[in-house]
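My questions all concern the structure below.
Residue numbering restarts at 1 for every chain, and letters A, B, ... go by the order of the sequence lines. These figures come from a predicted structure and were not determined experimentally.
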There are 2 protein chains.
Amino acid sequence: MNEVNEKKLRLDALDRKILIELQDDASQSLDDIARKVGSSKTPVWNRIRKLKDAGVITRQTVILDPDAVDLGTCFFVLIRTSEHEASWQQRFLAALQARPEVLEAHRLAGEIDYIVKLRVSDARAYDAFYQALIAEVKIFNVTALLSMEELKSTTFLPV
Amino acid sequence: MNEVNEKKLRLDALDRKILIELQDDASQSLDDIARKVGSSKTPVWNRIRKLKDAGVITRQTVILDPDAVDLGTCFFVLIRTSEHEASWQQRFLAALQARPEVLEAHRLAGEIDYIVKLRVSDARAYDAFYQALIAEVKIFNVTALLSMEELKSTTFLPV
DNA sequence: TATGAAAACCTTCCAAC
DNA sequence: GTTGGAAGGTTTTCATA
């Protein structure tokens with residue numbers, strides 16, 4: 001995988017079909033993908049390389065069952081802060097980046113400043129995260145939402 | 001990829017190292033993985049097959065840059081309902097499953113009943129989703145949280 | 001369980017169209 | 001831009017330790 005060369009590549013119908021196949025199963029052979037998208041090996045190979053070089057395809061990975069690796073407990077944490085300085089943000093961001101149980105974090109528009117998604121083994125592990133976080137950065141208000149059931153979970157983007 | 005044979009496999013240190021490597025880059029060759037985890041091709045190959053068969057590894061996929069495919073707008077939607085019957089839940093679940101812009105949906109403990117994560121091209125596309133959803137199922141209260149900045153986003157589970 | 005090797009298969013690149 | 005193919009690499013299986 002090389003550097004990102006372009007940022008906004010225009011995608012045609014063949015590119016989109018290839019992205020659907022790769023998102024569906026990245027272990028398929030080029031021949032299989034080519035057959036399914038109605039093309040052949042070389043053009044598909046050239047497109048995939050172009051999509052990787054352009055940064056449309058960022059990574060190739062494996063998705064694990066969270067329960068199977070004892071990370072069956074999922075929390076969404078809504079955070080409000082009274083601090084809005086750059087240095088506070090930097091420390092908050094560093095704290096999130098450093099913690100592997102944090103899978104997602106977004107800065108929001110509106111009353112709630114941040115949302116953080118976590119996967120942990122149990123509620124005690126969440127509390128350990130919470131205690132560590134508030135020890136590192138000052139936070140005004142925290143609401144933890146505990147997931148009882150994952151109704152849908154996908155990385156598939158409808159291209 | 002075969003059927004799920006066991007549910008809770010006990011993972012040893014070698015399994016964990018392999019899962020880290022595969023999560024990090026699933027396009028690596030067996031030889032590279034074997035070298036990095038301090039083993040050799042055949043044992044690593046057998047472990048990977050075992051992890052897939054057991055359902056620990058669920059899929060092999062490619063992660064796309066949302067901006068590059070014009071899905072740069074991310075919303076978290078907090079939903080409260082007054083309906084708690086099985087038939088309502090079924091229709092709600094079906095509506096979420098059918099919509100490709102819904103990437104995640106969880107049933108929650110506490111005051112807020114559901115959280116839904118969406119990726120769309122812009123705020124109008126969110127409104128279209130919202131209108132379609134409330135037309136299909138009765139909802140008591142909806143709060144949409146708009147992401148201004150994605151601070152962290154990973155599928156990597158710390159095994 | 002690990003090693004090494006053989007066979008089948010795939011990726012990558014390239015020449016010809 | 002497509003096709004087919006050659007060369008090298010990788011996966012998968014298996015015999016052997």
Side-chain angles (χ1 to χ4, degrees), chain A residues 1-65 68-69 155-156 159, chain B residues 1-65 68-69 155-156 159:
Chain A
M1 230 106 344
N2 311 348
E3 284 161 53
V4 175
N5 296 323
E6 298 172 54
K7 197 63 223 188
K8 208 97 182 204
L9 200 63
R10 189 165 267 121
L11 303 176
D12 69 9
L14 181 55
D15 291 324
R16 288 172 200 282
K17 284 186 198 165
I18 291 169
L19 290 175
I20 289 169
E21 287 305 323
L22 286 176
Q23 288 191 93
D24 188 48
D25 178 4
S27 72
Q28 292 176 93
S29 76
L30 268 183
D31 277 325
D32 286 345
I33 296 170
R35 197 170 27 75
K36 290 189 194 171
V37 303
S39 182
S40 58
K41 232 171 27 173
T42 308
V44 171
W45 190 81
N46 286 327
R47 299 300 185 105
I48 293 174
R49 192 168 54 164
K50 181 193 70 181
L51 292 164
K52 285 178 175 169
D53 287 352
V56 178
I57 296 171
T58 59
R59 309 173 330 99
Q60 182 165 330
T61 190
V62 118
I63 305 296
L64 307 185
D65 174 1
V69 296
T155 59
F156 189 101
V159 292
Chain B
M1 227 111 336
N2 310 352
E3 284 161 53
V4 175
N5 294 324
E6 298 174 54
K7 198 62 224 188
K8 208 99 182 203
L9 200 62
R10 188 164 269 121
L11 304 175
D12 69 11
L14 181 56
D15 292 324
R16 288 172 201 281
K17 285 186 197 164
I18 292 168
L19 290 175
I20 289 169
E21 287 306 324
L22 287 175
Q23 288 191 93
D24 187 50
D25 178 3
S27 71
Q28 292 177 92
S29 75
L30 267 182
D31 276 328
D32 286 347
I33 296 170
R35 196 170 27 74
K36 290 189 194 168
V37 304
S39 182
S40 58
K41 236 172 21 176
T42 309
V44 171
W45 190 82
N46 286 326
R47 298 300 185 107
I48 293 174
R49 191 166 59 164
K50 181 193 70 181
L51 292 165
K52 285 178 175 169
D53 287 352
V56 178
I57 296 170
T58 59
R59 305 170 338 95
Q60 182 164 333
T61 190
V62 118
I63 305 297
L64 307 184
D65 175 1
V69 296
T155 60
F156 189 100
V159 292

Legend entry - Presence of salt bridge, Asp12(A) and Lys17(A), under 4.0 angstrom: no

| field | Heavy-atom donor-acceptor pair, Ser39(A) side chain to Val44(A) backbone, under 3.5 Å | value | no

From CD1 of Ile33(B) across to P of dT10(D) the rounded distance in Å is 11 Å

query = Judged by atom type as modelled, is there a donor-acceptor pair below 3.5 Å linking the side chain of Thr61(B) to the main-chain atoms of Gln23(A)?
reply = yes

Quick tally for nucleotides 4-17 of chain C: nucleotides whose base has a protein heavy atom under 4.0 Å get B, sugar-phosphate-only ones S, the rest -, giving B-----SBBBB---

Pair Asp15(B) + Arg10(B), salt bridge at N-O below 4.0 Å
no

Check: Val62(B) and Arg59(A) side chains under 4.5 Å, non-hydrogen atoms | no

*asked:* Does dT3(D) have its OP1 or OP2 closer than 4.0 Å to a side-chain nitrogen or oxygen of Ser40(A)?
replied: yes

Between CG of Asn46(A) and P of dT3(D) the distance, given in whole Å, is 12 Å

To the nearest angstrom, the NZ-C1' distance between Lys50(B) and dT12(D) comes to 18 Å

Residues Ala68(B) and Leu11(A): closest non-hydrogen pair is O-CD1, 4.1 Å

